[in-house]
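Residue numbers run from 1 in the order of the sequence given.
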Amino acid sequence: MAKSRALSARFGSWVRGYFVRLCRGLQRFWSVHIMGFFVKKKTERIPPAETIFHKEKIMALGHILKNKSLAIEERARAAHRIGLLAFTGGPMAGTFAAEFMKEVALLLQSHKMAPKAKVLLLQGVACWCYLDPAAQNRAAFLQFVPILTAVFYNGPESTSRTEVNGNLLVKFWTCYVLSVMTCNNVSLVEELRGEPSLKYHLQVLAGEDWAGWPENFAEVLYFLLGFHKN
């Protein structure tokens, strides 16, 4: 009995430590790879009096995003700028951005898209959902969970190194976006746990080379979903 209690205490301590590292990893990855990618200088949250600025910018970018005559990459760049504005502008900006996320969801379902454009879309979704439960729940309503998990089933169109690496990069970013969406969101955790074969895909991706990333986000997502308990 005493041995069992000791093991339980050690496991509890390990779990708490893991979550601390997870939070730090998400914050570090956000600062370096998201904010550093989107902006050249430090971005501050906009005061409520200037919310109209965000609305006007988001609406203008939304017009570009919806313009089917433009190149996919240009529309994807508009989507990731919308995501950044949603993050820096607070809840109201997130609400404005939500109006255009259905278009992002549709674009993410396109198989005829370069990995670079798809990564831009994924980064936009990460910005929109980061630490925003309302945006996370809206993403669930727009069916982002099945759209994103479908990415894991898509293999490269050829065996060329460029094609294989591009396909893997999209899957890595998908793991990160799903980690952002599910962190502290029980309903999304439950929905993801119900996705068939997700556990297997995460195990496979966890075995890939995540060099350059602060965390192996396939492992992070695997842990967040509680698959390690099975």
Side-chain angles (χ1 to χ4, degrees), residues 18 21-22 25-30 32-34 36-38 72-73 75-77 79-80 83 101 103-130 135-136 139-140 142-183 185 188-189 191-228 230:
Y18 188 93
R21 293 195 303 275
L22 169 60
L26 285 171
Q27 289 176 333
R28 185 167 62 253
F29 187 76
W30 180 268
V32 175
H33 294 273
I34 300 289
F37 178 87
F38 285 123
I72 289 291
E73 190 166 330
R75 296 170 68 192
R77 281 197 297 269
H80 85 247
M101 286 301 155
E103 196 69 31
V104 174
L106 291 172
L107 285 174
L108 280 171
Q109 295 177 76
S110 172
H111 297 294
K112 297 180 180 179
M113 185 187 302
K116 181 179 179 181
K118 191 156 283 190
V119 166
L120 287 170
L121 293 172
L122 291 169
Q123 290 172 334
V125 176
C127 285
W128 177 48
C129 290
Y130 189 74
Q136 294 166 3
L142 292 173
Q143 299 299 303
F144 269 93
V145 168
I147 290 169
L148 292 173
T149 54
V151 170
F152 299 133
Y153 294 88
N154 299 329
E157 294 183 358
S158 72
T159 56
S160 72
R161 171 166 289 193
T162 299
E163 188 73 30
V164 171
N165 288 343
N167 181 267
L168 196 58
L169 181 63
V170 169
K171 290 179 179 178
F172 281 9
W173 274 102
T174 300
C175 288
Y176 175 73
V177 175
L178 288 172
S179 297
V180 168
M181 287 174 60
T182 55
C183 197
N185 195 312
L188 275 170
V189 167
E191 183 176 354
L192 270 171
R193 280 181 61 84
E195 286 292 317
S197 303
L198 179 57
K199 181 179 179 179
Y200 165 75
H201 288 297
L202 292 179
Q203 287 174 332
V204 171
L205 287 169
E208 296 288 350
D209 182 8
W210 285 76
W213 295 69
E215 295 283 348
N216 181 323
F217 284 104
E219 284 187 351
V220 168
L221 186 57
Y222 189 91
F223 184 89
L224 284 173
L225 298 180
F227 286 146
H228 63 292
N230 297 340

Q) Which atoms form the tightest heavy-atom contact between Met181 and Ala139, and what is the distance? A) CE-CB, 3.9 Å
Q | Minimum-distance pair of heavy atoms, taken over all atoms of Glu163 and Ser158 | A | CB-OG, 3.4 Å
Q) Closest approach of Thr182 and Leu178, non-hydrogen atoms and distance? A) OG1-O, 2.7 Å
Q. Any side-chain heavy-atom pair from Ser110 and Lys118 closer than 4.5 angstrom?
A. no
Q. About how many Å separate NE2 of His228 and NZ of Lys199, when rounded to the nearest 0.5 Å?
A. 10.5 Å
Q) For Gly166, does its backbone N or O pair with a side-chain atom of Lys116 as donor and acceptor, under 3.5 Å? A) no
Q) When you look at CD of Glu157, are more than 12 heavy atoms from neighbouring residues, nucleotides or ligands closer to it than 6.0 Å? A) no
Q: Quick one: pull up CE in Met101 and CG in Leu108 and give me the separation to the nearest 0.5 Å.
A: 10.0 Å
Q: Report the C-alpha separation of Val177 and Cys129 in whole Å, then their side-chain angles, then the decisive distance to 0.1 Å, and conclude whether the side chain to side chain contact (heavy atoms under 4.5 Å, CB included) test is met.
A: CA-CA 8 Å; Val177 175; Cys129 290; over 6 Å; no
Q. OG1 of Thr162 to CG of Asn167: how many Å apart, nearest 0.5 Å?
A. 12.5 Å
Q | Heavy-atom pair with the smallest gap, counting every atom of Leu107 and Met113 | A | O-CE, 2.9 Å
Q.
For the CH2 atom of Trp173 and the CH2 atom of Trp213, what is their distance to the nearest 0.5 Å?
A. 5.0 Å
Q: Quick one: pull up SG in Cys175 and CD in Glu219 and give me the separation to the nearest 0.5 Å.
A: 10.5 Å
Q: Identify the heavy atoms of Leu188 and Gln136 that sit nearest to each other, and give their distance.
A: CD1-O, 3.7 Å
Q. Quick one: does Val220's side chain get under 4.5 Å of Ser179's, heavy atoms only?
A. yes
Q) Shortest non-hydrogen contact from Leu225 to Val189? A) CD2-O, 3.8 Å
Q: Using modelled atom types only, decide if a donor and an acceptor are shared between the side chain of Lys171 and the backbone of Asn154 within a distance under 3.5 Å.
A: yes
Give the table of side-chain donor-acceptor pairs shorter than 3.5 Å for residues 201-211, with sequence neighbours excluded, one pair per line with atom names and distance.
from   : atom 1 : to     : atom 2 : distance (Å)
Gln203 : NE2    : Tyr222 : OH     : 3.2
Asp209 : OD1    : Ala211 : N      : 3.0
Trp210 : NE1    : Leu205 : O      : 2.9
Trp210 : NE1    : Asn216 : OD1    : 3.3

Q.
Nearest 0.5 Å, please: how far is CG in Leu120 from CD1 in Ile72?
A. 11.5 Å
